[in-house]
Participant: 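Okay, here's the structure, questions in a sec.
The shown structure was predicted, so the numbers you read here are calculated from the model rather than taken from an experiment. So you know, we letter chains A, B, ... as the sequences are listed, proteins then strands, and number each from 1.
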2 protein chains.
Amino acid sequence: MKRSKSPGKVAKMADVAALAGVTIMTVSRALHTPSAVSPATLEKVQEAIRETGFVPNYAARSLVSQRSPIVVALFPTMMNSVFSGTIEELSRQFSAQGYSLLLGETSFDIDTEEKLLSGFMGWRPAAIILTGSRHTEVSRKMLENSGVPVVELWNLPRDPFDLAVGLSNHQAAYDMTRSLHEWGYRRISFLNLNYPNNDRSVDRSAGYRQAMTELGLEVTPDMEISVPFGLEHASAAVQQLLKITPKVDAVFCSSDSLAVGVMMGALRAGLSIPGDLAIAGFGNVELAATVVPSLTTVDVPRAQIGRECARIIMERLRGGYRGPPVVDCGYSIVRRESA
Amino acid sequence: MKRSKSPGKVAKMADVAALAGVTIMTVSRALHTPSAVSPATLEKVQEAIRETGFVPNYAARSLVSQRSPIVVALFPTMMNSVFSGTIEELSRQFSAQGYSLLLGETSFDIDTEEKLLSGFMGWRPAAIILTGSRHTEVSRKMLENSGVPVVELWNLPRDPFDLAVGLSNHQAAYDMTRSLHEWGYRRISFLNLNYPNNDRSVDRSAGYRQAMTELGLEVTPDMEISVPFGLEHASAAVQQLLKITPKVDAVFCSSDSLAVGVMMGALRAGLSIPGDLAIAGFGNVELAATVVPSLTTVDVPRAQIGRECARIIMERLRGGYRGPPVVDCGYSIVRRESA
DNA sequence: CTGAAAGCGCTTACAG
DNA sequence: CTGAAAGCGCTTACAG
């Protein structure tokens with residue numbers, strides 16, 4: 001082990017100041033407003049910082065300045081490239097502004113969300129980003145007490161807690177269902193995730209149903225199938241799809257992950273796609289364009305959602321966000337081979 | 001907006017103490033050593049905490065206690081379910097111990113790693129988790145100065161910076177190459193990621209080469225192909241594979257993501273798998289078992305890596321890790337339809 | 001079982 | 001352009 005264990009010798013501002021022959025005030029200024037320090041002094045201080053390897057202590061800084069460079073962001077899962085795209089962008093944007101992202105994974109569960117939130121609250125985050133708009137009462141209380149900007153992602157809530165950035169899941173699902181109809185499919189089934197507090201799922205289901213009703217297409221109870229998150233569940237759902245009578249000719253999946261699972265299950269069952277069964281997804285993840293057959297899906301601007309979210313938070317923190325509380329990033333239908 | 005903007009009214013310990021009619025010392029004790037407080041007082045304090053919605057300020061706590069409940073973890077990408085599995089487990093383990101994970105994404109770049117590290121250092125993390133064992137000089141300096149446990153994941157470095165948890169990528173690639181040979185393949189190509197500082201890639205390539213040499217199989221320069229991260233690049237690599245003469249009968253990919261990309265490119269080119277081209281991956285992500293044809297791959301115990309990492313860090317922090325600095329979590333060859 | 005004092009490492013105002 | 005003082009919200013020792 002080449003490590004020289006050296007506990008306690010982490011440089012603090014006083015060490016830098018001593019080395020540079022100034023007070024800590026000057027070091028602090030050299031860090032924050034270098035223009036307010038004479039060039040010669042600045043040089044000395046910077047040299048001392050280099051030599052000591054000094055990194056300011058954020059705990060001390062945020063305690064006294066009453067501002068925290070932390071933004072909390074909670075997502076249902078990180079195993080999904082739909083969310084990863086947004087996370088990546090959020091991370092990039094906030095890093096550039098000097099903030100760190102404290103990420104949490106709720107597993108689609110609002111009680112887990114509450115637990116994570118109460119743990120993260122101790123950091124007095126500058127802003128809080130959540131997925132969806134269903135939260136426990138305790139969570140709402142904490143968010144309210146915090147007094148910081150709260151952004152709900154991925155949907156357009158009628159009554160946002162504070163701010164929201166996303167798309168109309170209802171409208172997108174409605175459009176995709178109508179598109180499938182336009183492309184000639186009539187017996188359209190809907191495959192969903194079975195998490196009750198997932199407002200995206202609920203809205204997509206409603207959009208699907210509204211379109212089906214308007215189109216005069218029947219939706220029997222067996223046509224709406226719900227499964228847990230995970231490829232194998234989606235793949236297994238093909239057996240349920242095959243039992244529906246009369247036979248369905250298309251399945252619209254609430255996520256690309258579900259759609260790929262179904263596609264693989266269908267291929268394995270010897271079905272031809274889209275001949276025997278058309279498949280549509282939601283999200284337009286990287287795999288959707290690559291898989292064979294390529295996946296028809298709803299493109300969600302995940303990077304843009306992250307960007308807009310970061311933007312309105314920064315504007316709010318600087319005191320002046322005057323835009324609408326709910327930002328619509330839109331979506332688009334992408335037709336490929338699977339439907 | 002139902003939000004009652006209420007800046008500055010976040011409860012602190014003094015508010016709780018006042019409400020409960022005790023001093024902040026007693027509140028602090030009620031939080032940390034409830035058994036040291038009389039039942040009646042404890043009850044009063046807990047009631048006051050509930051009423052005020054008090055959450056302790058971690059900045060203040062960690063400043064005075066000189067310990068931070070933050071663990072920094074840097075990964076090349078979060079878009080990869082191989083890493084997500086480890087991240088999930090790390091997050092679970094550390095949450096249970098009262099630590100928060102500060103996650104960063106290096107994009108396979110050690111300069112980005114350095115930048116993230118210097119930003120996160122200000123939190124005086126309790127431990128630092130990195131992927132791989134190539135780091136810049138500046139990073140090494142910072143890690144050394146920090147004096148905290150550093151764990152390098154995903155490989156078994158001969159000379160770890162401090163601690164390491166992973167598997168032998170060299171050995172695993174060697175085994176897979178020999179397995180492919182055993183299964184009858186002779187012209188085995190290797191598809192890699194083209195990031196120079198990715199020690200996993202380098203080791204896998206070396207393992208492949210060693211096996212090929214031992215088996216007396218030729219490796220011409222065109223048989224080792226490198227592409228950037230991203231499905232489309234892997235898919236496009238099929239064109240290069242087809243140009244190799246004499247024809248290759250198998251391609252061993254340095255990750256499942258690459259393998260799935262190649263598989264899709266091959267299917268699209270009308271090749272039959274494994275008849276025209278056998279494919280093997282590395283990682284055993286969820287998709288590997290589901291995709292058609294299912295993917296032969298190297299199973300990497302990603303959750304176990306996270307668990308072991310958390311375990312040795314916690315033991316070290318409690319003063320007594322006496323195990324080996326490098327923990328081998330092993331791997332296994334999983335044969336499926338693609339080879 | 002409870003409390004008074006000191007102080008963690010910085011930044012914020014205010015002087016000079 | 002530089003510095004002396006106060007204090008952020010807690011925990012750590014030490015008294016009682």
Participant: More 5' along DNA chain C: B:V64 or B:G21, using each one's nearest nucleotide?
Facilitator: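 Comparing both residues, the 5'-ward one is B:G21.
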Participant: Judged by each residue's nearest nucleotide on DNA chain C, which is more toward the 5′ side, B:T23 or B:R124?
Facilitator: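 The residue closer to the strand's 5' end, by nearest nucleotide, is B:T23.
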Participant: Give a yes or no on whether the backbone of A:M314 and the side-chain of A:Q97 come within a donor-acceptor separation of less than 3.5 Å.
Facilitator: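 Side chain of A:Q97 to backbone of A:M314, a donor-acceptor pair under 3.5 Å: no, none is there.
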Participant: Which nucleotide in the list D:dG3, C:dG9, D:dT11 gets nearest to the side chain of A:V22?
Facilitator: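 The listed nucleotide nearest to A:V22's side chain is D:dG3.
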Participant: Do any side-chain nitrogens or oxygens of A:Q66 fall under 4.0 Å of OP1 or OP2 in D:dG7?
Facilitator: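 The answer is no; no side-chain N or O of A:Q66 sits under 4.0 Å from OP1 or OP2.
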Participant: Would you say B:T86's side chain and B:R302's backbone share a donor-acceptor pair under 3.5 angstrom?
Facilitator: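 Yes.
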Participant: Among C:dC8, D:dT12, C:dC10, which nucleotide has an atom closest to any side-chain atom of A:R61?
Facilitator: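 Among the listed nucleotides, the one closest to the side chain of A:R61 is C:dC10.
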Participant: Using atom CG of A:L63 as one end and atom C1' of D:dT11 as the other, report the distance to the nearest whole Å.
Facilitator: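 Result: 12 Å.
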Participant: Indicate yes or no for a side-chain donor-acceptor contact from A:S107 to the backbone of A:D109 under 3.5 Å, with no hydrogens or angles considered.
Facilitator: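 No, because the side chain of A:S107 does not come within donor-acceptor range (under 3.5 Å) of the backbone of A:D109.
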Participant: I need the CZ-P distance between B:R29 and D:dC10, as an integer number of Å.
Facilitator: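 These atoms are roughly 16 Å apart.
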Participant: Find the partner of D:dC14: check Watson-Crick (N1-N3 plus N6-O4 or O6-N4) and G-U wobble (N1-O2, O6-N3) distances, both under 3.5 Å, and reply none if neither fits.
Facilitator: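 Result: C:dG3.
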Participant: Supply the atom-to-atom distance A:I129 CD1 to A:C309 SG, rounded to the nearest 0.5 angstrom.
Facilitator: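 That separation rounds to 3.5 Å.
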Participant: Just how far, in rounded Å, is C1' of C:dC8 from CH2 of B:W123?
Facilitator: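 Atom CH2 in B:W123 sits about 15 Å away from atom C1' in C:dC8.
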Participant: Report which part of the nucleic acid A:S62 touches: base, sugar-phosphate, or nothing (heavy-atom distance under 4.0 Å, all strands).
Facilitator: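 The residue A:S62 makes no contact with any strand.
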Participant: Can you measure B:H32 atom NE2 to D:dA13 atom P for me and round it to whole angstrom units?
Facilitator: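 Answer to the nearest Å: 13 Å.
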Participant: Which listed nucleotide (C:dG9, D:dC10, C:dT2) is nearest to the side chain of A:A60?
Facilitator: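 Output: C:dG9.
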Participant: May I ask you to evaluate whether B:R67 reaches the phosphate of D:dT12, defined as a side-chain N or O under 4.0 Å from OP1 or OP2?
Facilitator: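 The answer is yes; a side-chain N or O of B:R67 sits under 4.0 Å from OP1 or OP2.
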Participant: Does A:T26 make a side-chain N or O approach to OP1 or OP2 of D:dG3 shorter than 4.0 Å?
Facilitator: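 Yes, such a contact exists.
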Participant: Atom CD1 of A:I24 and atom P of D:dA5: how far apart are they, to the nearest Å?
Facilitator: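 Distance check: A:I24 CD1 to D:dA5 P gives 12 Å.
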Participant: Take the angle between the ring planes of A:W123 and B:W123 and call it parallel below 30°, perpendicular above 60°, tilted in between.
Facilitator: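 Plane angle over 60°, so perpendicular.
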Participant: Indicate whether OP1 or OP2 belonging to D:dT2 is found under 4.0 Å from a side-chain N or O atom of A:S38.
Facilitator: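 So the side chain of A:S38 is within the cut-off, an N or O lying under 4.0 Å from OP1 or OP2 of D:dT2.
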Participant: Check the distance between D:dT12's P and B:L31's CG and give it to me in whole angstrom.
Facilitator: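 Rounded to whole Å, this separation is 12 Å.
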Participant: Given 3.5 Å as the limit, does a donor-acceptor pair link the side chain of B:T33 with the main chain of B:A36, or not?
Facilitator: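 No, B:T33 side chain to B:A36 backbone: no donor-acceptor pair under 3.5 Å.
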Participant: On DNA chain D, compare the nucleotides closest to A:S35 and A:M25; which residue's is nearer the 5' end?
Facilitator: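 The residue mapped nearer the 5' terminus is A:S35.
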Participant: Would you please confirm or rule out a distance under 4.0 Å between OP1 or OP2 of C:dC10 and any side-chain N or O of A:S28?
Facilitator: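 Negative; the distance criterion is not met.
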Participant: Can you see if the side chain of B:T41 gets near the phosphate of C:dT2 - specifically, an N or O under 4.0 Å from OP1 or OP2?
Facilitator: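 True: B:T41 side-chain N/O within range (under 4.0 Å) of C:dT2 OP1/OP2.
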Participant: What is the distance, rounded to the nearest whole Å, between atom CG of A:N57 and atom P of D:dG9?
Facilitator: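 Rounded to the whole Å, the gap is 16 Å.
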Participant: Please report, rounded to the nearest Å, how far the C1' atom of D:dT2 is from the CD atom of A:E43.
Facilitator: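 The distance from CD of A:E43 to C1' of D:dT2 comes to 18 Å, rounded to the nearest Å.
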